[in-house]
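Just so it is clear: chains get the letters A, B, ... in the order the sequence lines come, proteins before strands, and each one is counted from 1.
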Amino acid sequence: MYEYQDQIGFPILTVMTFLPALAGVLMIAFMRGRPNWYKTTALVTTGANFLLTFVILSAFDHYTADMQFVEKVPWIKSLGISYHMGVDGISVLMILLTTLLSLLIIPASWNYAKDKKELAFFAAFLFLETGMLGLFCARDLFMFYVFWEVMLIPMYFIIGVWGGPRRIYAAIKFFLFTLGGSLLMLVAIVAIAWLARPNPYATPVFDMDLLQNTLFSWNVQFWAFLAFFVAFAVKVPMWPLHTWLPDAHVEAPMAGSVILAGVLLKVGGYGMLRICLPFFPDVISTFVPYIMVLSIIAIIYGALLSLVQKDIKKLVAYSSVSHMGFVTAGIFALNVVGIEGGILVMFSHGLLTGALFLMVGFLSERVHTREITAMGGLASPFPIMAGFLLFFTLASLGLPGLSGFVGEFLSLLGLFTYNKAMGAVAALGIILAAAYLLWMFQRVMFTGLRDEKWRKLPDFSLREIISLAPLGFLAIWAGVYPNTFIDLIHPPVIRLTERLAPYMADGGSTLHNIFASLGGF
Amino acid sequence: MQALGRGLWRGVDQLAIDGFVNNAARFVRGIGNALRPSQSGGVQSYLMTMFLGLLVLTISYWLLTM
Amino acid sequence: MGHDLVAIMPELMLIVTGVVILMVDPLLPPEGRRGLSWLGIFACLTASISTLISSADEFTAFNHGVALDKYSVYFKVLLLGVAIIAMLLSEKHLYLKKRLLGEYYALILFMTVGLIVMAESIDLITFFVGLELMAYCSYLLAGFFRYEERSIEASMKYFITGAFASNFLLFGLAFLYGTTGSTNYQEMGDAIRAGVVPSSVLAMATIMLLVGFGFKVGSAPFHNWAPDVYQGSPTPAAALLSVGPKIASFAVIIKFFNIILGSESDTWVPLMIALSIATMLVGATLAIVQRDLKRMLAYSSIAHVGYLLLAVIASGQSARTMGTSAVLFYLAAYAFMNMGAFGVLVFLENRAGSSDSLDEMAGLGRRFPWAAGIMTVFMLSLAGIPPTAGFLAKFYLLASVVDAGFAWLAVVGVLFSLVSAFYYLRVIVYMYMRDAENEIEVTGEKSWDLSLGLGIAVAGVFLLGILPSPVLTAAQNALEKVLGY
């Protein structure tokens, strides 16, 4: 379906995408040495973007799977490349996550980089926000790639300049891992853009709406799927391409980890939904078994490794690997339940892990360590923090009533319909998650107080609470009334599964009916 | 359970995967260091290299068209 | 006769200006010499304007010696732009090193004439005249700092290896002339297509040509001169030397391998594939182990030549137009980013005394934020990261390779891209993520020329990366007359 829909009358997507970059440039050019100016600018810009998200949501048509707020202008005519933006439910959900997290890190890091190039610090996050938003809005494959790569640069600087002792190793590892996948993707992009030409004299096709409907030969689909999949798998990150993540998280500054875990890890799943599934339907069933196995490995492996981590950030990093296993398992179950579950896990994980990294950051600012063994008994000097940590820990392990449960449950259900044994094994992952998370909480918050000095340190400040509260609020909302979010993504997911109907593991409709009868869909 | 986790971490993540990655980097650097002597600084060796290049091209062409 | 002179009006302007500079130079006091670069720049600007104005006319001159068509317009404008940037970068540097002589600018102008003649030639004789003119000027430019050992050494090496390679080139050209009976590209091509030339001669000639051209562009295994020459030459001269000869040589390579040897692609394509892979390998892996920046840039140039050869290969197969326009666009992008990178090194040498090693880059982000920022742009562009010119050029190049049916080669190229990203990133790491060990004296004065030159380079990198259409279309249209089939 290829219809334009522009409900608002001004190019809201472009404004939202480039506003942060513009602000960043202004900051660098005019606000050197004036912390209040640039910090406020960062806050106002991200705040404005967050509000724009609500503007979009309010004008959003919940009943269509077509792209909305579409903007299309030819860019490089001779190559068939246009500046083409548009969003559907899935993109909007990701945009919500992005703008929210980008906003919250500003007050959270208000004094974080005081002594070290603070202006550049905030500017980097603004440029990063532009990259991420551009990716979620992109409807031209060339633009998609450009924003994909552009995201790398600020993140690389964030880790490399403001990170921990091994930051250079971590930053380069992050960059080269991702670049390796992306370069493979580049070859695939070029191949399909040129192959999609209606005749050899036409310009290549980069329009994602058109490419979705192009029939490629099985061979082309196979290799292209593989290339794209590898690129996305690195970002998810899927086992065994995940080893950049623990290093990146450990060395990144707090805000860097929040955005990394909160948004950057989602772009992989997003890519799979946007490209792997719609463009190459014929070959998906060939890959699904392997992907499922890798997802299960990720779930269990991630959980097992979390169990033995001494550094709390590495623990959360490996738990991310585990959670993202649910995402890929859900998506490639190829049924409505699984895909929606996968997307919800993405959203929920963004909120929860973002919150976890914020708290780890706040905590380590106080106790100056991330070693779990060095911590203990922190509940007594920091009751508020303990409360928040308990909340997000429980949410992370999938407590019903909170967002983690809904996503994991749905994607498990999707996985079950694909293969019952695998579903059972995956469920083990949830049990392991409970184990490592609760154990971590216990060791950090209870047991004996390690250092008496800590008793005197302040508990959470208002600023820190404000950074966390919205995440908690959304976590509850998504857990108690997920329909708001499910309705948002339902039409595009339905359209996806309808296209894939001939290839689906199970009609999906049976489960759909079950849910309809349970009330809620 | 803990032992399993630790074993997997060390064995797979650190040895196998990271090992592969870090060794790939070392491998590339190794090629660079291996090729280094070809850049000796002496013009004579440069001329010789060029001439050898010519020979290799000629010989491989003949071999390919035989 | 008048017709011929009109055809080479831009070249004549440059020659006259060069001669004037030579004559006026001894009469000027040392301070007065600083205006000479602007004389040269003015000449180049006028020449490019005149080229663009008359770009609608397409004809040949000097008895079918040179062709004036969109192809030569593209290269002329590009080469003149390169010359302008080269002169902008040089002035303060020469002054600080107390070698501010008019000859330098005259040499650049004459070299540019040689480059332009090479690019627009359609006859072996004119091509060779241009080649030799360019070559001798470049040897002199490399050795311009004649009180520095390294400069003299660079010049001698360049000269000796150049003469050696020219021999092979001449051999090959002689073979082709002897068997086809003509020195005009088109006629030679027709003769070859007619089967007049025995295949063994053709093969030998092709190989000789590959050696000669391979040397000129710095392709492996004929690349050894490049690191020494770029390192030893005066840095602004190295900027020009790393860009100018490559541009002109590729202009000729495209014509040679498509017009003359167009029907023999089965012969030269496999050989060029081997050369390309070897070149990318040598360039990328040796750049990683370099700690001297000029040498690193030399190997980086070598790697880029490897990519350019891929596009030439593509043009030899089915992607004729796309492959060649990819080469043209890539050369423009490469010109901006490479000259920019060298330009930053010139800046550092002017202000901080030297810029040789990677360690001296440490902490640059703090000491010279703008220079570091610009260098970051050039490094990212060389690595092929959007939204820079380097990315778009690489993208278009890969597209041409894939379109020609060489998807596997594209993957190989992309792999080397990944390897090369490392050493470009490393510069950024040193600039921003490491702190300087000792405080280096900031001396020297600002040079507005240098800043202008760098500004043009950065603007070029961003413009070509974000709004490439004008240049891209120019590159695509350039081939109208050149590749008839």
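Contact count versus chain B (heavy atoms, under 4.5 Å) is highest, among C/Ile207, C/Ile160, C/Leu275, C/Ile288, for C/Ile207. Most heavy-atom pairs under 4.5 Å with chain C: of the set B/Val28, B/Asn33, B/Leu54, this distinction falls to B/Leu54.
Atom CG in B/Leu57 sits 14.0 Å away from atom CH2 in C/Trp268 (nearest 0.5 Å). Atom CG of B/Leu35 is separated from atom OH of C/Tyr299 by 9.0 Å, given to the nearest 0.5 angstrom. In this structure, OG1 on B/Thr49 lies 4.5 Å from CG on C/Asn224, to the nearest 0.5 angstrom.
Across all their heavy atoms, C/Pro221 and B/Gly53 have their closest contact at CG-CA, 3.7 Å. The two residues C/Phe222 and B/Met50 come nearest to each other via the heavy atoms CE2-O, 3.4 Å.
Of the two parts of C/Val289, the backbone and the side chain both hold a non-hydrogen atom closer than 4.5 Å to a non-hydrogen atom of chain B. At a 4.5 Å heavy-atom cutoff, C/Met156 makes no contact with chain B through either its backbone or its side chain.
Counting heavy atoms of neighbouring residues, nucleotides and ligands inside a 6.0 Å radius, atom CZ of B/Phe51 does not exceed 12 of them.
C/Asp228 has its side chain within reach of B/Tyr46: a pair of non-hydrogen atoms, C-beta onward, lies under 4.5 Å apart.
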